[in-house]
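Each remark here refers to the structure printed beneath this line.
Quick note on labels: first sequence line is chain A, next is B, and so on, each numbered from 1. Here the structure is a predicted model, which is why all the values come from computation and not from measurement.
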Amino acid sequence: MAKTRKQPRPKAETPKGFRDYFGAEVTQRAEMLNVIAAVYHRYGFDALESSAVETVEALGKFLPDVDRPNEGVFAWQEEDAAWLALRYDLTAPLARVYAQHRNDLPIPYRRYAMGPVWRNEKPGPGRFRQFYQCDADTVGSASMAADAEICAMLSDTLEAVGIARGDYVIRINNRKVLNGVMEVAGVLDPSDPEKFAHERGIVLRAIDKLDRLGPEGVRALLGKGREDESGDFTKGAGLGEDQVEVVLSFVLGKERIAEQLASIAEPAGKLNADWEAKYRSISETIEVGDRKSLSVDNQEFTNRLTCTYLRSIVDNSVVGAEGVAELEQIADLLAAQGYGPDRIVIDPSVVRGLGYYTGPVYEAELTFEIFDDKGRKRQFGSVAGGGRYDDLVKRFTGQAVPATGVSIGVDRLLAALREKGRITAQEIGPVVVTVMDRDRMADYQAMVAELRNAGVRAEVYLGNPKNFGNQLKYADRRNSPVAIIEGGDEKARGVVQIKDLILGAQIAQNATLEEWKERPSQFEVARGDLVAKVREILVAHDLGQA
RNA sequence: GCCGCCUUAGCUCAGUUGGUUAGAGCGCCUGAUUGUGGAUCAGGAGGUCCCUGGUUCGAGCCCAGGAGGUGGUACCA
């Protein structure tokens with residue numbers, strides 16, 4: 001016989017950056033998507049499910065001067081030479097859908113969308129190449145009310161999925177204010193927008209890193225550059241000291257205001273008298289840094305204060321002043337609905353993705369502390385973000401269409417809730433009906449059918465029934481709450497044994513072998529009472545409805 | 001992309017100046033118990049020491065290159 005060449009076995013592995021999701025991970029995500037969608041829907045947004053594949057052209061991801069798409073997208077070339085790609089977010093597809101169907105869609109068009117997106121990037125801890133997003137956007141409204149509404153909705157959504165008020169904060173900034181600051185700092189010339197574009201990029205990225213690098217790190221990046229611990233040098237924006245100071249006074253606005261509140265003896269020279277009078281009155285009644293202790297009136301005041309402060313910086317810039325006015329509008333609209341700075345706060349250090357945003361930008365951050373396996377403190381970054389992008393649809397239609405929206409990173413949010421202990425990845429298994437007599441399988445199937453009809457998750461043990469112990473081990477591994485036993489004995493007497501596995505585990509914690517062998521967690525009931533007893537146990541463990 | 005660290009059993013990790021047959025804990029399997037999971041006890045299986053080459057009488061250990069992982073940094077529509 002000819003030797004058949006052994007084919008090398010394929011290695012069973014998930015490609016790097018991807019992962020498999022099991023049991024509770026899948027159901028919990030689906031549940032979370034439902035909760036989020038329900039809030040979006042309640043706010044008047046319509047569902048939209050668009051194609052997962054887009055033309056690279058529609059995504060706008062062709063590299064400049066090259067006929068190849070941007071790395072970072074999963075793309076491939078069709079035989080007719082067209083490039084297709086997996087979507088990398090849900091916003092670009094929305095712009096395409098809106099442009100394509102605009103004659104049939106209401107204006108404004110409000111839609112929500114959810115699903116996986118793909119990015120061909122270096123994966124990191126908690127960063128995958130496929131992940132779920134859940135977006136809501138309003139296309140065709142330039143009103144700040146649209147932006148304020150998105151922020152309010154984001155707040156509601158986070159609380160709906162189980163993030164307690166005070167465990168998160170939504171921070172708002174405005175790209176126009178940022179541009180105003182750039183103008184004042186001399187890195188943006190309104191008459192020549194292209195000039196200093198490179199420097200502005202560095203400045204924006206530097207601001208984005210305030211969290212990680214601190215004020216001094218940002219200062220270095222704004223100036224000559226910064227060397228990190230590994231000796232790697234990052235070139236800075238090369239700003240002069242005065243310029244750096246302007247940007248920093250902006251970015252650190254939140255802290256500066258707090259400082260000023262703390263020391264009434266050192267009022268800020270730049271701020272006007274009106275402001276001083278107000279802050280004098282509130283600084284006597286609040287603990288600085290403890291936002292929760294502010295009364296509602298004063299909370300509202302915090303955002304006003306920030307606006308006043310920002311205006312003092314960008315006073316000489318037209319777009320800057322416009323941006324501040326927009327922020328004020330949003331803050332007022334939110335305050336009128338009762339969303340104060342304990343939930344939504346104006347924070348000049350928010351920059352966000354830099355790309356297509358043209359006005360207000362928002363970011364939701366979780367504020368509770370979590371610890372990793374090694375006990376180190378870790379911070380959860382942002383779990384949601386968004387903003388106004390008034391130019392995205394224009395790429396298709398040539399007409400400016402204002403739009404604003406938000407995107408929630410569902411997987412990160414889930415991970416956060418798990419780490420917080422709000423939900424456990426452990427899934428409760430089904431009730432397991434054990435098989436004592438192989439030829440009475442029909443009896444066992446009948447039991448399981450009764451349980452299922454009563455709405456109880458249940459299954460018959462389908463493995464090799466020879467070793468009875470293994471059946472209970474199986475139930476244990478499945479994290480089953482209850483096991484059912486009906487041997488010849490019980491059958492003859494018309495009863496069944498019902499084993500409360502959760503109670504059993506609890507008893508075993510500190511029971512002797514003898515006590516355990518007594519089987520205090522096992523109950524004998526009449527065959528007819530099977531379903532009732534099982535439900536009773538489930539209810540006792542808070543696992544089912546009565 | 002750049003810099004550092006790491007790679008030994010399913011998992012977490014020991015492993016002496018380079019020396020015979022490479023270890024532990026946990027997990028897994030079997031039995032004590034063919035009708036009782038998680039406890040206890042006894043036993044057992046499980047290894048390309050990341051790969052390739054080099055030095056050496058001899059390499060898990062030393063050297064070179066490569067791969068993979070990880071941390072930092074950069075980029076991220």
Residue A:Arg127, side-chain heavy atoms: nucleotide from B:rU36, B:rU73, B:rC75 that is nearest: B:rC75
Per A:Lys122 side chain, nearest of listed nucleotides B:rA77, B:rU36, B:rA74: B:rA74
Rounded to whole angstroms, how far apart are [atom1] on [X] and [atom2] on [N]?
X	N	atom1	atom2	value
A:Gln471	B:rG35	CD	C1'	10 Å
A:Ile202	B:rC75	CD1	C1'	13 Å
A:Tyr461	B:rG35	OH	C1'	15 Å
A:Lys473	B:rG31	NZ	P	9 Å
A:Asn470	B:rU34	CG	P	13 Å
A:Arg226	B:rC3	CZ	C1'	14 Å
A:Asn120	B:rG1	CG	P	12 Å
A:Gln133	B:rC76	CD	C1'	13 Å

Quote, to the nearest angstrom, the [atom1] distance that separates [N] from [M].
N	M	atom1	result
B:rA59	B:rG43	C1'	35 Å
B:rG69	B:rC62	P	23 Å
B:rA67	B:rU52	P	15 Å
B:rU20	B:rC13	C1'	25 Å
B:rC2	B:rG46	C1'	41 Å
B:rA22	B:rG47	C1'	9 Å
B:rG68	B:rC50	P	16 Å
B:rG25	B:rA64	C1'	36 Å

From OH (A:Tyr356) to CG (A:Leu392), nearest 0.5 Å: 6.0 Å
From A:Leu248 atom CG to A:Gln243 atom CD, the distance as rounded to the nearest 0.5 Å: 12.0 Å
Who is the Watson-Crick or G-U wobble partner of [N], with both distances under 3.5 Å?
N	answer
B:rC76	none
B:rU56	none
B:rC41	B:rG31
B:rG69	B:rC5
B:rA14	none

Could you check whether [X] gets within reach of a base, just the sugar-phosphate, or nothing at all, counting any heavy atom under 4.0 Å?
X	result
A:Gly72	base
A:Ala505	base
A:Asp489	base
A:Glu490	base
A:Lys16	sugar-phosphate
A:Gln522	base
A:Lys499	base
A:Lys209	sugar-phosphate

Residue whose nearest RNA chain B nucleotide is more 5′ - A:Leu213 or A:Pro465: A:Pro465
Toward the 5' end of RNA chain B, by each residue's nearest nucleotide, A:Asn467 or A:Val73: A:Asn467
Phosphate-side-chain proximity, A:Arg212 and B:rA74, N/O vs OP1/OP2 below 4.0 Å: yes
Does [X] pair with [Y] as a salt bridge, N-O distance under 4.0 Å?
X	Y	answer
A:Asp443	A:Arg440	yes
A:Glu524	A:Arg493	yes
A:Arg352	A:Glu363	yes

Axial cation check for A:Phe523 ring with A:Lys533, 6.0 Å and 45° limits: yes
B:rA77 pyrimidine/purine six-ring stacking with A:Tyr356, under 5.5 Å and 30°: no
A:Phe45 side chain near A:Thr138 side chain, heavy-atom distance below 4.5 Å: yes
Parallel, tilted or perpendicular, as decided by the 30° and 60° cut-offs, for the rings of A:Tyr98 and A:Tyr109: parallel
Quiz item: A:Arg205 side-chain donor-acceptor pair to B:rC76 base, under 3.5 Å: no
